[in-house]
*Asks:* 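Below is a structure I'd like to ask you about.
Along the sequence shown, residues carry numbers from 1.
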Amino acid sequence: MGSIPRDYDEQCRFDAFCKAVLRNEARNLQQSMRRQRRRVTPLDTVSPTEWDKLSVTDSYPSDSFVFSSHGYSMCIDNELVAAAFAGLSATEQSILILRCALDMTDSEIGAYLEMSRSAVQRRRTKALTGLRAKLAALMPKGG
């Protein structure tokens, strides 16, 4: 018969310790994976509205049309709106740029352009009505 080495007890304790560590690590890994499966949503189940929240569209200066008046600029990204806006007179463009870009009132625009408040209001209303009509004509059918 063979003799039992003196450190056999230590080897057994070390083996038991290693087995316990591996068992606990396996249990922790399984718990972690279960927790991840509960929290993570597969990409094929994401709805289009949620995709829109997650997506980002690059914007380049060349993608927009810039209209300027009195040192202030207004960028328009939509081609149809830019085409309709380009068809307005310079004064109407100035009024709309000052109104939209700077959020000025009709009185402030009138003082800036040396016009009466009512003239600014009339021209602004006329320009917006004309824009709506042009956009309605430029819109593709069914869109």
*Asks:* Nearest 0.5 Å, what's the CE-CG distance between M74 and L98?
*Replies:* 9.5 Å
*Asks:* Can you name the side chain to side chain contact (heavy atoms under 4.5 Å, CB included) partners of R13, sequence neighbours left out?
*Replies:* E10
*Asks:* F65 and A82: which non-hydrogen atoms are nearest, and at how many Å?
*Replies:* CD1-CB, 3.4 Å
*Asks:* Taking only residues two or more places apart in sequence or in another chain, which ones pass side chain to side chain contact (heavy atoms under 4.5 Å, CB included) with C75?
*Replies:* S64, V66
*Asks:* Under 3.5 Å, side chain of S68 to main-chain N/O of G71, donor-acceptor pair present?
*Replies:* no
*Asks:* Hey, what do you get for NZ (K19) to CZ (R23), rounding to the nearest 0.5 Å?
*Replies:* 8.5 Å
*Asks:* Could I get the full list of side chain to side chain contact (heavy atoms under 4.5 Å, CB included) partners for A101, not counting sequence neighbours?
*Replies:* I97
*Asks:* Has the side chain of E92 got a donor or acceptor atom that lies under 3.5 Å from a matching backbone atom of R124?
*Replies:* no
*Asks:* Find the distance between CD (E114) and CD1 (I109) and round it off to the nearest 0.5 Å.
*Replies:* 14.5 Å
*Asks:* Could you tell me which residues satisfy side chain to side chain contact (heavy atoms under 4.5 Å, CB included) with P42, sequence neighbours excluded, listed by chain and number?
*Replies:* D44, T45
*Asks:* Would you please say whether a donor-acceptor pair under 3.5 Å links the side chains of S47 and T49?
*Replies:* yes
*Asks:* Do Q121 and T125 pair up side chain to side chain, a donor and an acceptor below 3.5 Å, judged on atom types alone?
*Replies:* yes
*Asks:* Under the side-chain hydrogen bond (donor to acceptor under 3.5 Å, both in side chains) test, which residues partner N24, sequence neighbours left out?
*Replies:* R27
*Asks:* Mind checking what makes ring pair (Phe, Tyr, Trp, His ring centres under 6.0 Å) contact with Y112, not counting sequence neighbours?
*Replies:* H70
*Asks:* Return the OG to CG distance between S69 and L102, rounded to the nearest 0.5 Å.
*Replies:* 9.5 Å
*Asks:* With a cutoff of under 4.5 Å between side-chain heavy atoms, which Ile, Leu, Val, Met, Phe, Trp and Tyr residues group with M33?
*Replies:* L29
*Asks:* Do M115 and R123 come within less than 4.5 Å of each other through their side chains, counting heavy atoms only?
*Replies:* yes
*Asks:* As an exercise, state the distance from SG of C100 to CD1 of I76, rounded to the nearest 0.5 Å.
*Replies:* 8.5 Å
*Asks:* May I have all residue pairs that pass ring-ring contact (aromatic ring centres under 6.0 Å, His included) and include part of residues 26-58, sequence neighbours excluded?
*Replies:* none
*Asks:* Does atom CZ (R99) have a neighbourhood of more than 12 heavy atoms from anything else shown, all under 6.0 Å?
*Replies:* yes
*Asks:* Is there side-chain contact between V120 and T105, with heavy atoms separated by less than 4.5 Å?
*Replies:* no
*Asks:* May I have all residue pairs that pass ring-ring contact (aromatic ring centres under 6.0 Å, His included) and include part of residues 10-41, sequence neighbours excluded?
*Replies:* none
*Asks:* Could you tell me which residues satisfy side-chain hydrogen bond (donor to acceptor under 3.5 Å, both in side chains) with T129, sequence neighbours excluded, listed by chain and number?
*Replies:* none
*Asks:* Can you name the nearest heavy-atom pair linking F85 to Q93, along with the distance?
*Replies:* O-NE2, 2.9 Å
*Asks:* Give a yes or no on whether Q36 atom CD has more than 12 heavy-atom contacts from other residues, nucleotides or ligands under 6.0 Å away.
*Replies:* no
*Asks:* The criterion is side-chain hydrogen bond (donor to acceptor under 3.5 Å, both in side chains); which residues satisfy it with S32, sequence neighbours excluded?
*Replies:* none
*Asks:* Once side-chain hydrogen bond (donor to acceptor under 3.5 Å, both in side chains) is applied, do any residues pair with S116, and if so which ones, sequence neighbours excluded?
*Replies:* S118
*Asks:* Do you know which two heavy atoms are closest between A84 and L135, and how far apart they sit?
*Replies:* CB-CD2, 3.9 Å
*Asks:* Please test K126 against R122 for side-chain contact (heavy atoms from CB on, under 4.5 Å), starting from the C-alpha separation and ending with a verdict.
*Replies:* CA-CA 6 Å; K126 179 185 168 198; R122 259 183 292 161; over 6 Å; no
*Asks:* Between the side chain of K134 and the main-chain N/O of G87, is any donor-acceptor distance below 3.5 Å?
*Replies:* yes
